[in-house]
> 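Before I ask anything, here is the structure I am working with.
Below, all heavy atoms of this structure are taken into account, side chains as well, without hydrogens, waters or symmetry copies. Here, residue 1 is the first one in the sequence, and each next residue gets the next number.
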Amino acid sequence: MASGSHRVQSDFIYFRKGSFFGLACFANMPVESELERGARMKSVGILSPSYTMLYRYMHFLENQVRHQLEIPGHYTPLEAFYEDKKGILPPGVNAQACQPTIHWLSTVHKHLYPEMKITHPAGCMSQFIKFFGEQIFILWKFALLRKRILIFSPPPVGVVCYRVYCCCCLANVTLPGVGATAPEAKPFFYVNVADIETLDDEVSYVACTTEKIFEQKQELYDVYVDNQNVKTHLECLQPLLRINSADKEKYRRLNDQRQLLMYTQEVDGDCTSCEEDLFILFFMEQNNRIFQTLLEVAASQDKTLTADHARSMGLDPQGDRNFLLDLLEVYGFDLMLVIDNPCCP
């Protein structure tokens with residue numbers, strides 16, 4: 001149950017509990033009871049080693065939380081569900097080993113990204129990009145650099161959990177041999193003050209919260225997102241907050257592809273393609289393009305990365321210089337970055 005949930009009638013929430021992922025549905029109903037202070041609030045949830053299949057039980061959880069509001073303490077359907085679905089991990093098996101990493105995905109459509117997309121009412125990724133606009137490429141860079149990203153929003157928190165998922169999807173890479181030295185991209189989904197100790201030990205994550213107190217705990221995050229305001233307290237990351245010409249060009253191409261898709265769907269009646277696939281594939285191809293170039297330069301004799309290389313990767317040689325330097329360090333590329341300063345003759 002997220003902090004501040006008493007302000008909304010219903011919500012859902014993705015979260016982590018140790019090595020497991022959870023989905024809970026919340027509902028709030030006014031009652032004439034002094035003991036319950038005029039409102040009855042219930043939350044019903046499940047835990048699983050993987051978050052990608054949790055959506056399948058959302059309808060059941062919604063029904064059960066409504067049932068708990070109307071008949072509190074009647075757990076027969078929940079007990080039957082548990083007996084039918086319960087699982088036991090083999091001794092010594094860590095639940096994280098059961099969770100697919102979302103940045104090693106290879107094909108489009110069903111296996112392009114986790115099936116969590118099924119629950120998106122009107123397209124999670126399309127709403128995500130419309131919400132952030134050009135700033136999507138700021139988040140993209142931070143996600144690729146495996147920074148600790150914390151998203152704040154008041155309830156309802158369900159849609160914000162989807163933003164966590166979408167932010168992780170921005171960093172999908174499918175080239176073999178890339179990312180071995182980089183921290184794992186971890187979606188933590190919803191966190192509260194009880195998770196502070198856990199977050200303090202993490203070097204990379206994406207999470208969301210409804211608790212404003214987190215903004216003051218700067219040691220826990222690298223990037224703080226408040227509504228559409230993306231900010232960082234780290235001076236070394238400040239240059240990455242500026243949108244450059246290459247970012248604007250990528251955003252234009254993304255919108256052009258979206259318009260073309262919508263036209264194709266309207267004219268040809270093509271329902272096999274969707275915006276989700278388009279957006280995921282756009283960033284996957286962009287990331288692969290960058291790392292393919294880095295791999296080729298790393299295999300060359302001089303191992304020198306130039307302004308032409310940066311442009312071929314869809315980056316701004318000057319505006320993305322700091323991003324490139326950080327990228328080389330995070331992913332373990334031993335290359336020389338040679339980009340002329342425009343102020344020099």
Side-chain angles (χ1 to χ4, degrees), residues 101-108 134-149 167-186 203-204 222-223 230 232 234-254 256-257 279-345:
T101 53
I102 63 173
H103 52 283
W104 295 114
L105 306 164
S106 56
T107 55
V108 187
E134 291 179 342
Q135 287 193 109
I136 196 73
F137 289 99
I138 295 176
L139 291 173
W140 165 67
K141 292 171 191 178
F142 287 135
L144 261 189
L145 293 176
R146 301 292 192 257
K147 296 304 178 184
R148 299 174 299 168
I149 303 172
C167 201
C168 288
C169 285
L170 297 177
N172 284 349
V173 181
T174 59
L175 294 179
V178 173
T181 62
E184 180 188 351
K186 292 184 179 180
V203 296
S204 173
D222 303 314
V223 180
V230 182
T232 176
L234 299 175
E235 188 175 346
C236 61
L237 296 181
Q238 293 291 334
L240 274 65
L241 294 175
R242 292 191 286 269
I243 297 170
N244 58 50
S245 58
D247 296 330
K248 292 178 182 292
E249 173 59 21
K250 286 192 288 287
Y251 186 66
R252 183 195 64 76
R253 285 195 296 110
L254 181 58
D256 285 349
Q257 290 185 22
F279 289 133
I280 296 293
L281 190 59
F282 179 91
F283 284 99
M284 185 182 293
E285 289 179 342
Q286 174 63 49
N287 298 341
N288 286 349
R289 181 178 168 192
I290 289 175
F291 286 108
Q292 183 61 49
T293 302
L294 294 181
L295 288 170
E296 290 172 0
V297 174
S300 67
Q301 284 190 327
D302 61 1
K303 300 185 185 301
T304 301
L305 200 61
T306 67
D308 286 339
H309 287 125
R311 294 187 191 96
S312 72
M313 292 187 283
L315 301 176
D316 184 316
Q318 298 300 329
D320 285 319
R321 190 176 191 278
N322 286 35
F323 169 61
L324 264 174
L325 286 170
D326 289 346
L327 202 67
L328 296 178
E329 181 179 354
V330 169
Y331 289 87
F333 284 97
D334 186 15
L335 304 178
M336 176 73 71
L337 182 61
V338 179
I339 296 178
D340 295 333
N341 190 317
C343 300
C344 299

> For side chain to side chain contact (heavy atoms under 4.5 Å, CB included), just list the numbers for D320 and M313, CA-CA rounded to whole Å, side-chain angles, deciding distance to a tenth of an Å, and then say yes or no.
CA-CA 11 Å; D320 285 319; M313 292 187 283; over 6 Å; no
> If you look at every heavy atom in V223 and K147, which pair is closest and at what distance?
CG2-CB, 4.3 Å
> Please give me the minimum heavy-atom distance between N322 and P239, naming the atom from each residue.
ND2-CG, 3.4 Å
> Test side chain to side chain contact (heavy atoms under 4.5 Å, CB included) on E285 and N288; report intermediate values, then the result.
CA-CA 5 Å; E285 289 179 342; N288 286 349; 5.7 Å; no
> As a quick check of understanding, evaluate side chain to side chain contact (heavy atoms under 4.5 Å, CB included) for L294 and Y331, giving each step before the final call.
CA-CA 10 Å; L294 294 181; Y331 289 87; over 6 Å; no
> Who passes side-chain hydrogen bond (donor to acceptor under 3.5 Å, both in side chains) against S312, sequence neighbours left out?
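So S312 forms no side-chain hydrogen bond (donor to acceptor under 3.5 Å, both in side chains) with any residue.
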> To check you understand the geometry: which heavy-atom pair defines the closest contact between A143 and I149, and what is its length?
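Heavy atoms only, the tightest pair is N-CD1, 4.0 Å.
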> Please tell me if the side chains of I339 and L305 come closer than 4.5 Å, counting only heavy atoms from C-beta onward.
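Side chain of I339 against side chain of L305, heavy atoms only: no contact under 4.5 Å found.
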> Between F283 and F137, is the ring centroid distance below 6.0 Å?
yes
> With rounding to the nearest 0.5 Å, note down the distance linking CE in M284 to SG in C169.
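The distance works out to 8.5 Å.
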> How close do V330 and T181 get, counting heavy atoms only, and between which atoms?
O-OG1, 3.2 Å
> Considering non-hydrogen atoms only, spot the tightest contact between K303 and D334 and give its length.
CD-O, 4.0 Å
> Looking only at side-chain N and O atoms, does D247 offer a donor or acceptor that is under 3.5 Å from a partner on W140?
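No, D247 and W140 have no side-chain donor paired with an acceptor closer than 3.5 Å.
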> Just to verify, what does T304 make a side chain to side chain contact (heavy atoms under 4.5 Å, CB included) with, not counting sequence neighbours?
D302, T306, M336, V338
> Which atoms form the tightest heavy-atom contact between G319 and D316, and what is the distance?
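Taking every non-hydrogen atom into account, N-OD1, 2.9 Å.
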> Taking the side chain as everything from C-beta on, heavy atoms only, tell me whether L144 gets closer than 4.5 Å to L170.
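No. Closest side-chain heavy atoms not under 4.5 Å.
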> If the condition is side chain to side chain contact (heavy atoms under 4.5 Å, CB included), which residues does S204 pass it with, not counting sequence neighbours?
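Side chain to side chain contact (heavy atoms under 4.5 Å, CB included) check on S204 returns R146, P183.
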> Report yes if some heavy atom in the side chain of V173 is under 4.5 Å from a heavy atom in the side chain of F291; otherwise report no.
yes
> Could you tell me whether the side chain of Y251 and the main chain of I136 form a donor-acceptor pair under 3.5 Å?
no
> More than 12 non-hydrogen atoms from neighbouring residues, nucleotides or ligands closer than 6.0 Å to CD on E134, yes or no?
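More than 12 within 6.0 Å, yes.
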> Under the side chain to side chain contact (heavy atoms under 4.5 Å, CB included) test, which residues partner R253, sequence neighbours left out?
E249, K250, Q257, F282, Q286, R289
> Please list, chain by chain and in numerical order, all residues satisfying side-chain hydrogen bond (donor to acceptor under 3.5 Å, both in side chains) with D326, sequence neighbours excluded.
none
> List the steps and the verdict of side chain to side chain contact (heavy atoms under 4.5 Å, CB included) for I138 and L240.
CA-CA 7 Å; I138 295 176; L240 274 65; 5.7 Å; no
> Looking at L175, is its backbone amide N or carbonyl O close enough to the side chain of N287 to form a donor-acceptor pair, meaning the two atoms are under 3.5 Å apart?
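No, the answer is negative, given that no donor and acceptor are paired below the 3.5 Å cut-off.
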> Sequence neighbours excluded, which residues qualify as side chain to side chain contact (heavy atoms under 4.5 Å, CB included) partners of L234?
D222, T232, C236, L237
> Report the distance from atom CG of L145 to atom CD of E329, rounding to the nearest 0.5 Å.
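Atom-to-atom, L145:CG and E329:CD are 9.5 Å apart.
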